[in-house]
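Residue numbers start at 1 and run along the sequence shown.
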Amino acid sequence: MVLSLDWKHFINLNLAIESFPFVIQGIGYTFLISLVSMGVGLFIGFFLCLARRSSTKFLRLPARLYISFMRGIPMLALLFILYFGLPVFGIQLTAISSAIIGFSMNCAAYIAEVQRASLNSVSKGQWDAGYAIGLSTWQTLYGIIIPQAARIAIPSLLNIFLDLVKASSLAAVISVPELLFNAQIVAGRTYDSITLYLLVALIYWVICIVISTLTEIVEKRLSQYQ
């Protein structure tokens with residue numbers, strides 16, 4: 001017995017084509033959330049990294065607790081806390097603000113660990129070399145250690161950004177009008193969820209291919225200096 005698959009019952013190409021202009025309007029919010037959250041995450045993550053490496057317990061322990069907590073809770077739960085939970089305490093955030101704050105807090109924990117590992121990978125001799133020419137600890141860090149650590153961290157940071165772009169679809173649950181949210185609107189009107197969700201999946205796939213290609217190019221460039 002040969003089973004035949006009727007693609008018309010699986011995906012409506014006409015609907016996908018007609019819906020594409022409306023769905024793709026949400027890509028601006030997708031990149032806004034991803035880029036801003038990545039930028040803020042890099043800033044927070046750097047100081048978390050320094051605190052995590054500190055010899056002072058009052059800095060190191062809170063940083064470890066923050067990183068552990070953010071890496072251990074679901075992103076969806078964090079978004080619900082920010083958007084639906086904070087109003088209980090009189091703090092009302094917009095959907096886009098909740099998304100950016102949530103993703104920034106979350107990715108900062110992962111970025112901090114990447115940065116910490118990158119700093120640790122730079123040999124102790126580089127520190128000694130900085131001290132030998134009369135540089136202070138901060139001058140050695142910014143002038144010698146960080147440039148080398150950044151080259152090591154960049155591929156991993158780009159992978160975090162790739163995951164962040166995909167995770168930004170979770171913002172649809174708090175009504176941020178990004179790609180998935182727009183697709184849900186059309187799906188609710190046409191009762192054809194599979195077509196719209198496949199369309200969104202393909203759009204994200206293309207975005208991730210572009211980012212992955214750029215990541216490979218960057219890795220090849222950086223490998224020339226190692």
Side-chain angles (χ1 to χ4, degrees), residues 33-93 96-165 167-168 170 215 218-219 222 225-226:
I33 293 171
S34 303
L35 290 171
V36 175
S37 298
M38 189 68 185
V40 176
L42 283 168
F43 180 77
I44 298 174
F46 176 71
F47 290 100
L48 279 173
C49 168
L50 295 182
R52 180 77 169 78
R53 288 167 49 88
S54 175
S55 58
T56 304
K57 289 184 178 180
F58 294 107
L59 292 176
R60 187 175 67 254
L61 294 181
R64 290 185 63 178
L65 179 61
Y66 178 91
I67 292 171
S68 175
F69 180 74
M70 284 299 163
R71 295 177 68 183
I73 65 172
M75 187 63 227
L76 195 58
L78 180 58
L79 291 178
F80 281 169
I81 290 171
L82 292 171
Y83 190 64
F84 298 112
L86 289 184
V88 175
F89 303 98
I91 303 174
Q92 181 68 58
L93 299 175
I96 186 66
S97 296
S98 298
I100 290 175
I101 292 173
F103 284 110
S104 298
M105 293 171 62
N106 181 263
C107 75
Y110 292 91
I111 290 173
E113 288 297 277
V114 168
Q115 292 175 332
R116 184 175 68 89
S118 300
L119 288 175
N120 289 341
S121 66
V122 179
S123 67
K124 187 178 182 300
Q126 298 296 311
W127 288 94
D128 295 335
Y131 296 145
I133 60 176
L135 298 179
S136 66
T137 299
W138 283 100
Q139 288 173 328
T140 303
L141 179 64
Y142 283 104
I144 298 177
I145 306 302
I146 288 180
Q148 296 181 64
R151 189 165 64 243
I152 298 170
I154 285 176
S156 296
L157 293 177
L158 288 174
N159 285 326
I160 289 177
F161 179 69
L162 179 65
D163 291 335
L164 186 57
V165 170
S168 67
L170 292 174
T215 301
V218 171
E219 289 179 345
L222 292 177
Y225 301 98
Q226 294 179 354

Here the pair of heavy atoms bringing Ser104 nearest to Val36 is OG-O, 4.3 Å
Considering only heavy atoms from C-beta outward, does the side chain of Arg60 approach that of Arg53 to under 4.5 Å? no
Just by modelled atom types, is the Val114 backbone N or O under 3.5 Å from a matching donor or acceptor in the Ser118 side chain? yes
side-chain contact (heavy atoms from CB on, under 4.5 Å) between Thr215 and Leu162: does it pass, once the steps are laid out? CA-CA 9 Å; Thr215 301; Leu162 179 65; over 6 Å; no
Atom pair CG (Leu42) and CD1 (Ile111), whose distance is rounded to the nearest 0.5 Å: 4.0 Å
What pair of heavy atoms forms the shortest contact from Leu164 to Cys107, and how long is it? CD2-SG, 4.5 Å
To the nearest 0.5 Å, tell me how far Ile44 CD1 sits from Asn106 CG. 11.0 Å
Could you please spell out the steps behind the side-chain contact (heavy atoms from CB on, under 4.5 Å) verdict for Ile152 and Leu119? CA-CA 9 Å; Ile152 298 170; Leu119 288 175; over 6 Å; no
Run Ile146 and Phe46 through side-chain contact (heavy atoms from CB on, under 4.5 Å) and show every step you take. CA-CA 10 Å; Ile146 288 180; Phe46 176 71; 3.7 Å; yes
State, to 0.1 Å, how close Pro147 and Gly143 come at their nearest heavy-atom pair, and which atoms those are. CG-O, 3.7 Å
Please report the shortest heavy-atom distance between Val122 and Ala149, naming the atom on each side. CG2-N, 4.0 Å
Say you draw a straight line from CE of Met75 to CZ of Phe103; how long is it, rounded to the nearest 0.5 Å? 4.5 Å
Closest non-hydrogen atoms of Met70 and Ala109, given as atom of the first, atom of the second and distance, are CB-CB, 3.7 Å
Gap between atom CD1 of Ile33 and atom OG of Ser97 - 0.5 Å precision: 10.5 Å
Are any of the side-chain heavy atoms of Ile144 and Leu135 separated by less than 4.5 Å? yes
Answer yes or no: is there a side-chain heavy-atom contact under 4.5 Å between Gln115 and Arg52? no
Thr56 side chain to Phe58 main-chain N or O, any donor-acceptor pair under 3.5 Å? no
Say you draw a straight line from OG of Ser168 to CG of Leu35; how long is it, rounded to the nearest 0.5 Å? 10.0 Å
Is it true that, when you exclude Phe84 itself, more than 12 heavy atoms of the residues, nucleotides or ligands shown sit nearer than 6.0 Å to its CZ? yes
Separation between CD1 of Ile101 and CG of Leu78, rounded to the nearest 0.5 Å: 9.5 Å
For residues Ile160 and Met38, determine if any side-chain heavy atom of one lies less than 4.5 Å from a side-chain heavy atom of the other. yes
Given side chains that start at C-beta, do those of Thr140 and Gln126 come closer than 4.5 Å, heavy atoms only? no
Min side-chain heavy-atom separation Val218-Pro155 under 4.5 Å: no
Taking atom CZ as the centre, does Phe69 end up with more than 12 heavy-atom neighbours from other residues, nucleotides or ligands that are less than 6.0 angstrom away? no
Could you tell me which non-hydrogen atom of Ser98 sits nearest to which non-hydrogen atom of Leu79, and how far apart they are? O-CD2, 3.9 Å
Side chains of Gln92 and Leu86 in contact at under 4.5 Å (non-hydrogen atoms): no
